[in-house]
Peer 1: 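Sending over a structure as structure tokens; questions will come in a sec.
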Amino acid sequence: MEMEDPPLDDKARRMRDLLSSFYAPDPSMSAGSQPKGASFDNIDTDSFDADQYMNLLVQKANLEGLLQRHVEMAAEIKNLDTDLQMLVYENYNKFISATDAIKRMKSNIVGMESNMEQLLDKIMSVQSRSDGVNTSLFGKREHIEKLHRTRNLLRKVQVFNAIAHPRVVFYGKEQFIYDLPARLGKCIKTEAYADAVRFYTGAMPIFKAYGESSFQDCKRASEEAVVTITKNLQGKLFSDSESIQTRAEAAVLLKQLDFPVDGLKVRLFEKLEQSMGDLQVKIGDIAGALEESNDEHENNLQLGFSVPHDASVREFVEAVRAYRIIFPDSESQLIKLSEDLITKHFLTTEQYMKERVSTATFLRVLRIIWNDVLVIDEVLPEGLLHDYCFKVSQSAVKQYFSSTFSHLLQDVSDALMNVHVKPKDVSEEHHLQVALESGKNSLLKGSMDLLLGLRQLLEDNLDLLVKLRELMTDWVQAGFQQFFEALDTRFLLLSGRNKLSSQGQSPREGLQSEKVICGLVLVLAQLSVFVEQTAIPRITEARTEMAASFSGSGARGYEHGPFFLPAEICRVFRSASEKFLHHYINMRAYRISVLLRKRFTTPNWVKHKEPREVHMFVDLFLQELEAVGNEVKQILSQGIRKHRRSESNGSTTSSLSNPLRDDKLRRSNTQQARSQLLETHLAKLFKQKVEIFTKVEFTRESVVTTIIKLGLKSLQEFVRLQTLNRSGFQQIQLDIQFLRTPLKELAEDEAAIDFLLDEVIVGASDRCLDPTPLEPPILDKLIQAKTAETREQNSSAASSTTQQRL
Amino acid sequence: MQAGSSGVGYGLKYQVHLIRLSADGTELICEGLFSHPNEIWDLRSCPFDQRIFTTVYSTGESYGAAVWQIPELYGQLNSPQLERVALLDAHVSKIKCVLWWPSGRNDKLVSIDEENLFLWSLDSSKKAAQVQSKESAGTMHYLSGGAWDPHDVNSIAATCESSVQFWDLRTMTKTSSIDVSHVRTIDYDTKKDHILVTAEDETGIHIWDLRKTKVPIRELPGHTHWTWAVACNPEYDGLILSGGTDSAVNLWLAPTGSRDEITSDSGQNSLSLKVDPLVNSYTDYEDSVYGLAWSSREPWIFASLSYDGRVVVESVKPYLSRK
């Protein structure tokens, strides 16, 4: 029943109506008897219960009623069945027709697709056509708009020009602008650049404002013209042939054209600098030429050489002047340039001063520079070039002094180094003396020259120098102080004391140079003394003298003590001289000690053979001493001696001293040798301690004596390190005995020498297994033999050396 | 304080003196006098046992070295015999010295003769010494002395005619050398590693830094004649004692400072060089001074021995305040 509900067609409705009409009395009835009747009466409700209905029916009705009821119901059921069947059939019919319709639709749709595609194509083509139309129209529309705008602008421009440039209006508004390129071209042809620039600048605001749009072509053309103009103007600016006026005008015009004038300025400036460079070289030339020139022609030549220089300076000044006019705001730059020029001048001078420059030349160079400065100063009064020049020249003058001092230092050390270079030139005996003298000379002469130079500089009345006077005196004083300090260091360097390893070098290669260095050290010692005692006082004196003559400037310098302290320098050199002397002595003593070391470490002293002659080390020892004597003789002065022969008859001393020694020997002969030894021991106990190492003085004797003492002391120490047999002891006794005489001749302190020689013998006897001294007669004989041999050798050696020298 | 001193060859009887400095430091007392069979050339006392010492002796032609022990004294002063602990008898050439390691107990000894270097191992209980290793210094070098690095038990410095050589005892090879001639004595600075002081005959005293052996870091003028002995103070930095053949003992104060101070600050260096490094010179000796020793217990006291056989004990206390 419910199935029939949804299709609400007429038949169903009719059926429903039928059914409901059939059941209509029941609900009205049941409405009255709700609690009971509703439940069994209404067959159409959901809550219909068949059993209950049956029960009710059975209870209520009788058989007839029941049968009647049954018939009714059967009829109803039959009706319902047919209705149902009808409905089903109708439904089926509808279904079939629907299926047919669908089938038809399907066939129809297949054809429609192609139709739709066709439609799409058509719509597309329509659209593209409409776009084409649109675009073709757009360009024209733009143009029309633009034209419209221009028209409006022109209207405005007309008004503007009428106010700003009455002349331009004369040509008419558009006309002027459009004619501009041609106009400019005409101007270029006639070189009426000023007009051209005026036109262009007049049109400039228009171009600036609207050049992008309306006057593009005009603008381009006129710009090209202007480029030509600027080019021409630049050419004008740089050409030296044009008058300054024209050039200045050109610059002004260029500036008006908004041309980057700075670039031009720089270029022009570079040109100036270049010309300055030319000037520079000339300074060097002049200086060089001056240097070469002889004294007689100096003045003429000076004039001659300064002409080109003056010309170039003048040129430079002219250029500077022009530049100033062209670029009025360029003073600072120009000042800087001129300052550079001055600096470079001085730099060249300083460069030049590295070589030796005489004061006169230096003065002249200064004068030239000063003249230049004066000339430039006229053009550039704001520059205060005077002051700048002072500043720069200070350092130059200062350097001049310092270089002079360093040359002086070099001279002195060169003079000393000549000892190394040419010891053969001069005879061997004198080369040290020569070195000393040349050292002294160069030192003294150099310092005097320097003071003279200073004086020359002070006396000169060049403005520049007048102002520098005080400073110069100070510098020279400070220079002297530094010079002497440097000299001290140089001396130390020359002496080789600073090089600690110098002592350790192998004796073979160092032999020659060492020998020379020994002498050199002595020279240095004496030179130091000379500096202390002569040079410094002389310099001080000269300085004071000068201070007196220039009371205005020099006095101040003199009071201004700390620059130059003669006392301090003296002290330094005094200690230096002592140091060098000690060094010399040490070097010499070292050589002797090496000699002795060889002597004492080589033989086997325990198995020494009987002494036959004086050992040859004695000769070597004496040779060394002779060399010392030689060097000392050249350099040092003779001291005051108590009882000595003069140096001149030194050659005869050996024979002369013979009786002396014999006398001594005879005295020793009288005593028993053994007891003599004992005596020496005892004597030593009671004798006052002999001061062996006394202060060294700057005399020949003192130095020689000290070296001998050191040598003997070394001898003593070497002896103490050995163990001797009797023969060894006797050998030493013999050697020492032989040494006694010559050594005492050489040395001034006989007591100390005696003591030391005795000490050697005592030491030897201490170290001897059997200290029996040599018999005096044998001793005497051997010594005499040796003396004779020595004399012979000396004479032959002397002759051979003279031959060699020839 | 104890110090051994050798009476070298006055007469034919050779003796070893045992000297004690009295407690108040004003008196020297001779505690024992022992005869020694030969002439003594070198004597070193053992750093860890004060009764043991070594000598190098000479019998005129031949040389010998031995380790000795001082016998118990029991009050008597007359010369009892020394007990010989060991004989160092492997040498053939001239023995120069026997070294103990200065910084502590070490049963090794090094003996140096002219040509060879010997490393001995000493067994004092068995009274024997064995050669552990030996190396020749090369025929061209005559060794003359040496010192044992207190900072390195394996390093020895030996002096020869023209240089100071450094030996590694483990491999017995020469490690480096300093070119300096005629060194009499060398002494290591016990406080500072790498610092070595040499005393040369003519050129005075040089202080070396072993890390740069080309140039000495300091030079002291030494003595008027040869500088024979040199000794660094075990306690005070830069305090150096030197004895020379000019019959003087010089006390120097030459602080080596840190290395930078010396190299970089040359200005200050030159200034400090101007300050005289010589603190004092003890000149009341009759003859050359050959022996020097600082007290190990009171480092401001030193003993010196001169040729005439005098031992002088001085205190440097008055000069220490100047530091």
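Chain identifiers are assigned alphabetically (A, B, ...) following the order of the sequence lines, protein sequences preceding nucleic acid strands; residue numbering begins at 1 within each chain.
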Peer 1: Working to the nearest 0.5 Å, report the span between OG1 of Thr224(B) and NZ of Lys713(A).
Peer 2: 10.5 Å

Peer 1: Step by step, work out the side-chain contact (heavy atoms from CB on, under 4.5 Å) result for Trp226(B) and Leu710(A).
Peer 2: CA-CA 9 Å; Trp226(B) 297 350; Leu710(A) 286 172; over 6 Å; no

Peer 1: So, using side-chain hydrogen bond (donor to acceptor under 3.5 Å, both in side chains) as the criterion, who are the partners of Tyr290(B) when residues are at least two apart?
Peer 2: Glu717(A), Arg720(A)

Peer 1: Report the residues that fulfil ring-ring contact (aromatic ring centres under 6.0 Å, His included) with Phe600(A), sequence neighbours left out, ordered by chain and then residue number.
Peer 2: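 With sequence neighbours excluded, Phe600(A) shows a ring-ring contact (aromatic ring centres under 6.0 Å, His included) to Trp605(A), given in chain and number order.
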
Peer 1: In this structure, are over 12 heavy atoms from other groups packed under 6.0 Å from Glu485(A) atom CD?
Peer 2: yes

Peer 1: Report the C-alpha separation of Gln716(A) and Asp287(B) in whole Å, then their side-chain angles, then the decisive distance to 0.1 Å, and conclude whether the side-chain contact (heavy atoms from CB on, under 4.5 Å) test is met.
Peer 2: CA-CA 11 Å; Gln716(A) 179 195 2; Asp287(B) 212 322; 4.3 Å; yes

Peer 1: Counting heavy-atom pairs under 4.5 Å with chain B, which one of Thr601(A), Val594(A), Leu721(A), Ile585(A) comes out on top?
Peer 2: Leu721(A)

Peer 1: Give, for atom NE2 of His182(B) and atom OH of Tyr590(A), the distance between the pair rounded to the nearest 0.5 Å.
Peer 2: 4.0 Å

